[in-house]
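Written below as structure tokens is the structure these notes are about.
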Amino acid sequence: MKILVTGGAGFIGSHLCEKLIKGGHDVLCVDNYFTGTKENIVHLMRNPLFEAMRHDVTFPLYVEVDRIFNLACPASPIHYQFDPVQTTKTSVHGAINMLGLAKRVKARILQASTSEVYGDPEVHPQTEAYWGRVNPIGPRACYDEGKRCAETLFFDYYRQHRLEIKVARIFNTYGPRMLPDDGRVVSNFIVQALRGQDVTIYGDGTQTRSFCYIDDLVDGLLKLMDSPLEMTGPVNLGNPVEFTMRELAELTLRLTGSRSKLVFQPLPQDDPRQRQPDITLARSSLGWAPTVPLEEGLKRTIAYFRPTL
Ligand SMILES: NC(=O)c1ccc[n+]([C@@H]2O[C@H](COP(=O)([O-])OP(=O)(O)OC[C@H]3O[C@@H](n4cnc5c(N)ncnc54)[C@H](O)[C@@H]3O)[C@@H](O)[C@H]2O)c1
């Protein structure tokens, strides 16, 4: 199949392109390189099944494809808050443009949505039925509300135009090719530990997160894309095993062999205290569950960062 991956030069996108090519698909990677890099895809450039195109998804795109993975959007707070108006445009106009393309060429389309649509949740763990608790005017709203609006558009195209849609709500994912300085907690801890700098914990370190290794996530996205027509989602994809920030920091120090100290700083605004996916739906309808334990995934991620620093 001819498959378009928007945001294909990013962290998740580049792993997805790689896996699709291994599966024998013809892959078109579209990216404006805002947070993605050519280094992430340079190893694919000589492959005749791979093609990269510089394009901003806030503008329409005219290509012939069978399937679309819509991943284009900066994902870390540092980057999505850099130009919040552009972030909302990327989510909303990007979704409109890609849905328009899918409608024209009758392609199946998958949206990379996010656990951030749940905001700072009152229910725990979060099931897909939970509508979320998002501050619509806060500094994170450009991302959270942009992604919520993109979901709305996907379901309106589904109801109004009978489009084949899939919506994945992705929870914290980590692995090789994350950016070293984008403020995401796993890369932050690893980079600080490897550089021998203080490891910064926001708050008292008792807030929890769950972390999904990139290979597991990509498998989930592929399974969702291949699922029967009626399986539209939204479906949570993430690892339900929870860790406190303190546990993550201590594990990172142990695996890197670092002597860095833990230091504590105030929590940023609207930072959720707890985030854990309920993946019952993904288990039952996709037969999917994460398989890579945190310690193993961290080892692979540290092995990636060590030489690049
Ligand atoms: N990594 C996670 O933990 C996580 C969690 C939830 C959701 N997601 C979603 O998954 C997708 C990929 O995330 P990621 O972690 O790989 O982030 P990333 O920043 O590495 O990748 C995003 C890619 O989109 C590109 N991009 C941004 N704006 C664009 C535009 N206007 N036009 C074309 N390309 C554009 C960037 O250059 C980058 O290559 C995002 O949509 C993100 O919201 C990621």
Side-chain angles (χ1 to χ4, degrees), residues 4-18 28-41 52-61 68-98 101 110-118 126 140 142-151 154 167-188 209-218 220-221 224 234-239 272 275 277 290 297 301:
L4 166 63
V5 180
T6 75
F11 160 53
I12 298 176
S14 61
H15 287 274
L16 178 62
C17 288
E18 215 174 88
L28 173 61
C29 160
V30 160
D31 206 295
N32 70 350
Y33 303 109
F34 174 47
T35 50
T37 65
K38 289 181 189 160
E39 287 80 65
N40 284 347
I41 49 170
M53 179 180 183
R54 181 189 288 268
H55 176 81
D56 187 318
V57 295
T58 59
F59 296 97
L61 179 67
I68 304 169
F69 286 89
N70 188 35
L71 270 60
C73 186
S76 67
I78 290 180
H79 290 118
Y80 70 64
Q81 289 171 6
F82 171 74
D83 184 349
V85 173
Q86 176 66 15
T87 300
T88 304
K89 273 190 188 169
T90 295
S91 274
V92 177
H93 291 194
I96 291 173
N97 288 328
M98 292 310 117
L101 170 64
L110 180 147
Q111 167 69 356
S113 190
T114 169
S115 56
E116 300 292 339
V117 300
Y118 299 124
Q126 293 85 50
R140 302 171 73 113
C142 58
Y143 183 72
D144 304 1
E145 296 289 15
K147 289 284 188 179
R148 286 169 70 94
C149 184
E151 287 199 9
F154 267 68
V167 175
R169 288 186 180 154
I170 302 171
F171 283 66
N172 260 343
T173 300
Y174 71 100
R177 300 195 201 128
M178 296 180 86
L179 289 174
D181 297 311
D182 72 356
R184 285 196 253 187
V185 66
V186 174
S187 46
N188 236 19
R209 292 289 185 280
S210 55
F211 305 99
C212 186
Y213 188 65
I214 181 69
D215 292 359
D216 283 332
L217 193 265
V218 167
L221 293 176
L224 177 58
V235 58
N236 291 338
L237 294 180
N239 193 325
R275 190 56 82 52
T301 312

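Counting starts at 1 for both ligands and their atoms, in listed order. Just so it is clear, the values below take in all heavy atoms, side chains as well, and ignore hydrogens, waters and symmetry mates.
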Return the closest protein heavy atom for [atom] as residue, atom name and distance.
atom	result
atom 40 (C) of ligand 1	Leu71 O, 3.1 Å
atom 17 (O) of ligand 1	Ala75 CB, 3.5 Å
atom 3 (O) of ligand 1	Thr173 N, 2.8 Å
atom 32 (N) of ligand 1	Val57 N, 3.0 Å

Considering [options] one by one, which has a heavy atom nearer to [atom] than any of the others?
atom	options	value
atom 7 (C) of ligand 1	Ser113, Ser76, Pro74	Ser113
atom 24 (O) of ligand 1	Gly13, Cys73, Gly10	Cys73
atom 4 (C) of ligand 1	Asp83, Ile170, Asn70, Asn32	Ile170
atom 8 (N) of ligand 1	Phe11, Tyr143, Phe59	Tyr143
atom 25 (C) of ligand 1	Leu221, Asp31, Thr87, Val5	Asp31
atom 15 (O) of ligand 1	His15, Arg184, Arg54	Arg184
atom 36 (C) of ligand 1	Ile12, Thr35, Asp56, Thr58	Thr35

Rounded to the nearest 0.5 Å, what separates atom [atom1] in [X] from atom [atom2] in [Y]?
X	Y	atom1	atom2	answer
Phe11	Leu179	CZ	CG	10.0 Å
Ser76	Phe82	OG	CZ	12.0 Å
Lys89	Phe59	NZ	CZ	7.0 Å

Within the 4.0 Å heavy-atom shell around [X], which atoms of ligand 1 are there?
X	answer
Ala72	24 (O), 33 (C), 34 (N), 35 (C)
Asn172	3 (O)
Gly36	36 (C), 37 (O), 38 (C), 39 (O)
Gly7	23 (C), 24 (O), 25 (C), 39 (O)
Lys147	40 (C), 41 (O), 42 (C), 43 (O)
Tyr33	37 (O)
His55	32 (N), 33 (C)

(message) If we only consider heavy atoms of Thr6, is any one of them less than 4.0 Å away from an atom in ligand 1?
(response) no

(message) Under 4.0 Å, counting heavy atoms only: does His79 come that close to any atom of ligand 1?
(response) no

(request) Using modelled atom types only, decide if a donor and an acceptor are shared between the side chain of Asn236 and the backbone of Gln126 within a distance under 3.5 Å. (result) yes

(message) Applying salt bridge (Lys or Arg N to Asp or Glu O under 4.0 Å) to Lys147 and Glu116, what does each step give before you reach the verdict?
(response) CA-CA 8 Å; Lys147 289 284 188 179; Glu116 300 292 339; over 6 Å; no

(message) For Asp216, give me all partners under salt bridge (Lys or Arg N to Asp or Glu O under 4.0 Å), at least two apart in sequence or on another chain.
(response)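 Partners of Asp216 under the salt bridge (Lys or Arg N to Asp or Glu O under 4.0 Å) test: none.
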
(message) Quick one about Asn70 and Thr6 (side-chain donor to acceptor, distance below 3.5 Å, no hydrogens or angles considered), yes or no?
(response) yes

(request) Please work out which of the three classes, parallel, tilted or perpendicular, describes the rings of Tyr143 and Tyr80, given edges at 30° and 60°. (result) parallel

(request) Let me see the working for Phe34 and Asp83 under side chain to side chain contact (heavy atoms under 4.5 Å, CB included), right down to the final yes or no. (result) CA-CA 11 Å; Phe34 174 47; Asp83 184 349; 5.8 Å; no

(request) Write out all pairs satisfying salt bridge (Lys or Arg N to Asp or Glu O under 4.0 Å) with one or both partners inside residues 167-177, taking only residues at least two apart or from two chains. (result)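 Found Glu18-Arg177, Glu151-Arg169.
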
(message) Within a 6.0 Å radius of atom OH on Tyr33, are there more than 12 heavy atoms belonging to other residues, nucleotides or ligands?
(response) yes

(request) For residues Ser14 and Asn40, report the shortest heavy-atom separation together with the two atoms involved. (result) CB-O, 3.7 Å

